[in-house]
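In what follows, chains are A, B, ... by sequence order, proteins preceding strands, each numbered from 1. Computed over heavy atoms, backbone and side chain alike; hydrogens, waters and symmetry mates excluded. It should be emphasised that the depicted structure is a prediction, and the values quoted were computed from it without experimental measurement.
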Amino acid sequence: MIPCTICRKMVGAMDEWQTLNEAQREAVSYGEGPLLIFAGAGSGKTRVLTMRIAHLISARGVSPRRILAVTFTNKAANEMRERIEQLVGSAQVRQMWVGTFHAICARILRESGRPLGIDPEFVVFDEDDQLSVVKEVLKLLDIDEKRFAPRSILNFISRAKEKLIPPHLYTPVDYFTQIVGRVYPHYQERLEACHALDFDDLLMKTVQLFEQHPDVLERYQKRFLYVLVDEFQDVNQAQYRIVKHLSAMHRNLCVVGDDDQSIYSWRGADVGIILSFERDFPDAHVVKLEQNYRSTQPILDAAFHVVQKNARRAPKRLWSEKRDGLPITVTEVQHEREEAMVVAQHIALSVQQLGRKYGDFVVLYRTNAQSRTFEEVFLNYRIPYQIVGGVRFYQRKEVKDVLAYLRVIQSPSDDVSLLRIINVPTRGIGLQTVEVIRQLAAEQGISLWEAIEHPDLSNRLTMRAYSAVVAFRDLIRYLRTLREKSSVTDLLNEVLKRTDYLQRLGDTRDPEVQSRVENVRELLTATQQFDAGPEAERGLAGFLESVALVADVDSLQESSDRVTLMTVHAAKGLEFPVVFLVGMEEGLFPHIRAINDDPNVEEERRLCYVAITRAKERVHITHARLRSVFGTTSGMFESRFLHDIPEGLRLTWSPAELAHPLPAAQPAPQVAPRTQDAYRVGQRVRHHKFGEGVIMKCEPQTDDHLLTVVFPNAGIKQLLASIAKLEKLS
DNA sequence: AAGACCGATGTTTTT
DNA sequence: CATCGGTCTT
């Protein structure tokens with residue numbers, strides 16, 4: 001294909017164009033109508049998407065304000081914006097809508113949600129808030145939360161919303177869903193009373209808005225001449241409806257995705273949507289990007305053999321120009337501690353002897369709980385690491401507390417946030433008092449805040465309790481007066497000052513308290529950044545929204561040279577030279593909750609595919625014979641997925657071989673001589689000064705052995721066996 | 001009303 | 001095993 005003359009107009013884009021392959025060029029320059037791009041792992045998807053947008057703007061003369069680009073994470077959205085800026089300039093990109101489904105829906109609902117009775121100042125409830133609402137409703141209905149877990153009730157409600165089923169249309173199918181059916185309407189009422197929308201509401205209400213108010217829909221349809229959706233395999237029914245509606249007028253809907261990387265079905269994502277896109281849009285043009293620029297061919301082949309077993313997938317196969325590569329290694333260890341140690345030793349030696357950087361490595365696991373052993377061991381070995389995921393920053397207690405103040409300041413009708421802070425730090429408003437306030441609110445049909453301000457309240461409380469409430473009331477009133485004129489940072493500082501929050505966290509010598517203080521300070525950095533940024537004029541409301549819609553992957557630091565630890569889910573879209581895929585055992589990966597059910601196993605398979613395709617050069621897989629799952633240790637078998645990797649692509653290594661990496665030029669590791677050796681690789685030893693360590697290398701010398709030993713507390717040392725008096729440990 | 005203590009209980013993945 | 005929730009004590 002020849003670059004069309006208009007492409008030449010793209011400033012600085014010509015070089016980029018030259019580097020595209022045939023399929024990529026087709027995807028970038030394809031004109032009007034529905035377009036489906038199957039973009040395999042590492043196939044240059046983001047480049048194609050950004051260049052397509054740049055092409056629309058500078059070659060086809062489409063105004064940026066008429067383009068809508070939807071991504072799945074904020075990180076992806078920011079990245080896309082930046083890269084388009086580089087191609088066409090920042091002034092242009094300013095007016096373009098780029099964001100996650102949730103962010104875009106929030107924007108639409110704030111702009112145009114009034115016909116549905118949505119307060120433009122609504123707050124977004126996260127899972128924590130949702131759970132407290134469910135619990136409250138359970139209490140109200142006198143349902144035992146031991147028997148009906150709030151979390152799974154919430155899950156069912158969420159599923160219903162994803163399928164756009166409102167409370168009055170919810171049909172129970174068994175005893176449990178009957179309970180759900182009773183909770184759901186009350187849940188929704190409580191949200192409305194708080195002027196709150198949960199994550200699913202953002203989507204569901206947007207669909208309702210479009211379907212019940214065609215005039216509103218038409219405005220957006222007219223505006224968005226081009227709609228582009230990234231990660232289309234992870235779209236749920238509600239999201240699909242939204243993009244179909246938005247693009248219905250101009251029919252320029254471009255979706256990019258990879259069915260093999262669909263890993264969010266438990267959250268409502270439906271692989272069927274991308275697989276049947278061609279049925280929904282018979283005139284859709286389909287482009288497949290199958291050239292991979294990331295991995296070596298053996299890695300791609302191994303991944304292919306794992307995912308190929310799936311019944312529901314579009315046929316395709318990735319290939320790479322990097323024909324040569326080393327096989328995947330598979331190592332069996334005794335238990336999770338050895339697993340972590342062997343990985344740690346491998347990394348330590350690779351950095352020390354092979355010139356690797358810590359940042360070259362990632363450890364991928366199925367469940368967050370697995371990170372713990374690695375954290376402990378890495379700490380021991382002095383290996384710098386960063387964990388992505390786990391307890392997310394904005395979900396930490398102290399951060400949520402402080403944010404709850406800001407939320408109450410922003411919208412006092414938010415009962416959930418108000419309850420969170422009414423007695424935090426403790427100020428003499430106990431359960432009894434809160435109950436009286438609730439009662440009054442229920443009787444009058446008003447919010448808790450209005451009840452606090454209600455003249456009748458003083459009659460119902462003791463003098464002591466009432467004055468405590470008045471003090472709280474005046475505090476919030478005072479803080480609210482600052483709302484308009486202060487920056488978010490000043491406001492937050494005032495909250496901290498007036499509540500004495502940090503001091504009341506406890507003894508600052510307690511490391512637990514220190515980390516909490518640090519987290520609050522971290523939040524202050526976030527507000528400062530916000531105040532200095534382009535969104536600053538949106539004030540407190542803008543800040544709260546940006547906070548509600550961030551995920552943890554968004555905060556991954558690529559610049560610092562550290563090993564990354566994260567779940568496979570969190571790794572999607574990322575790449576690393578060396579991948580450790582750990583805990584490859586039946587019941588863990590595939591997860592026990594998935595092994596009885598075909599569609600679930602297919603998803604685990606895709607998850608495994610995603611994990612392997614993160615690697616540029618090497619994949620090391622480990623599995624343990626024994627693993628303790630909270631307290632009890634059980635015997636494990638290697639994952640079925642390992643059997644799907646053909647012999648030629650896979651190499652079985654011993655723990656010592658994995659712990660002791662050799663230059664990449666040597667495919668098979670050479671095992672240190674064992675015969676008549678007092679020392680062998682993998683032997684645990686104790687040194688009088690360096691403490692405990694593990695022998696990594698054992699080189700015969702004349703009448704002696706040169707040992708390379710890793711000491712967790714002293715680093716890597718080279719010692720002569722005859723001189724260093726090493727004590728052997730079992 | 002607040003804080004300490006104890007016992008039970010549940011752990012996939014998260015925008 | 002670690003957090004959560006509930007109960008008991010001050």
- Item | A/Asp234 CG to B/dT15 P, straight-line distance once rounded to whole Å | 12 Å
- Item | Lys/Arg-Asp/Glu bridge criterion (N-O < 4.0 Å) met for A/Arg313, A/Glu602 | no
- Item | A/Arg366 vs B/dT12: side-chain N/O to OP1/OP2 distance below 4.0 Å | no
- Task: Send over the distance from A/Arg593 CZ to B/dT11 C1', rounded to a whole Å.
- Result: 9 Å
- Is the shortest distance from a Lys or Arg side-chain nitrogen in A/Arg107 or A/Glu545 to a carboxylate oxygen in the other one below 4.0 Å? no
- Item | A/Thr462: side-chain hydrogen bond (donor to acceptor under 3.5 Å, both in side chains) partners, not counting sequence neighbours | none
- Query: Do A/Gln233 and A/Asp258 have side-chain atoms, one donor and one acceptor, less than 3.5 Å apart?
  - Reply: no
- Would you mind reading off the distance between A/Glu376 atom CD and C/dC1 atom P, rounded to a whole angstrom? 10 Å
- Message: Counting distance alone, no hydrogens or angles: does the base of B/dT14 have a donor or acceptor under 3.5 Å from a partner atom on the side chain of A/His569?
- Response: no
- Item | Whole angstrom value for the distance that separates P of B/dT13 from CG of A/Leu364 | 14 Å
- Which whole number of Å gives the distance between the P atom of B/dT11 and that of C/dG6? 16 Å
- Do A/Asp259 and A/Arg312 meet the salt-bridge criterion of a basic N to acidic O distance under 4.0 Å? no
- Task: Starting from C1' on B/dT14, measure out to NZ on A/Lys572 and report it in whole angstrom.
- Result: 11 Å
- Please measure how far the C1' atom in B/dT12 lies from the corresponding atom in C/dG5, and state the result in whole Å. 24 Å
- Message: Nearest to the side chain of A/Phe199, heavy atoms from C-beta on, is which of B/dT12, B/dT14, B/dT15?
- Response: B/dT15
- Send over the distance from A/Arg267 CZ to B/dT12 P, rounded to a whole Å. 17 Å
- Rounded to the Å, how far apart are A/Asp198 CG and B/dT15 C1'? 12 Å
- Stacking check A/Tyr264 vs B/dT14 (5.5 Å / 30 deg): no
- What is the distance from CG of A/Leu197 to C1' of B/dT15, rounded to the nearest Å? 15 Å
- Message: Less than 4.0 angstrom between a side-chain N/O of A/Asn368 and OP1 or OP2 of B/dT13, yes or no?
- Response: yes
- Item | Pair A/Glu435 + A/Arg438, salt bridge at N-O below 4.0 Å | yes
- Message: Base contacts versus sugar-phosphate-only contacts with protein, heavy atoms under 4.0 Å: please encode nucleotides 1-9 of chain B as B, S and - from 5' to 3'.
- Response: SSS------
- Message: With heavy-atom distances below 4.5 Å as the criterion, would you say the side chains of A/Phe641 and A/Glu604 are in contact?
- Response: yes
- Short side-chain N/O contact from A/Thr367 to OP1 or OP2 of B/dT11, under 4.0 Å: no
- Just to confirm, is there a sub-4.0 Å distance from OP1 or OP2 of B/dT15 to any side-chain nitrogen or oxygen of A/Lys75? no
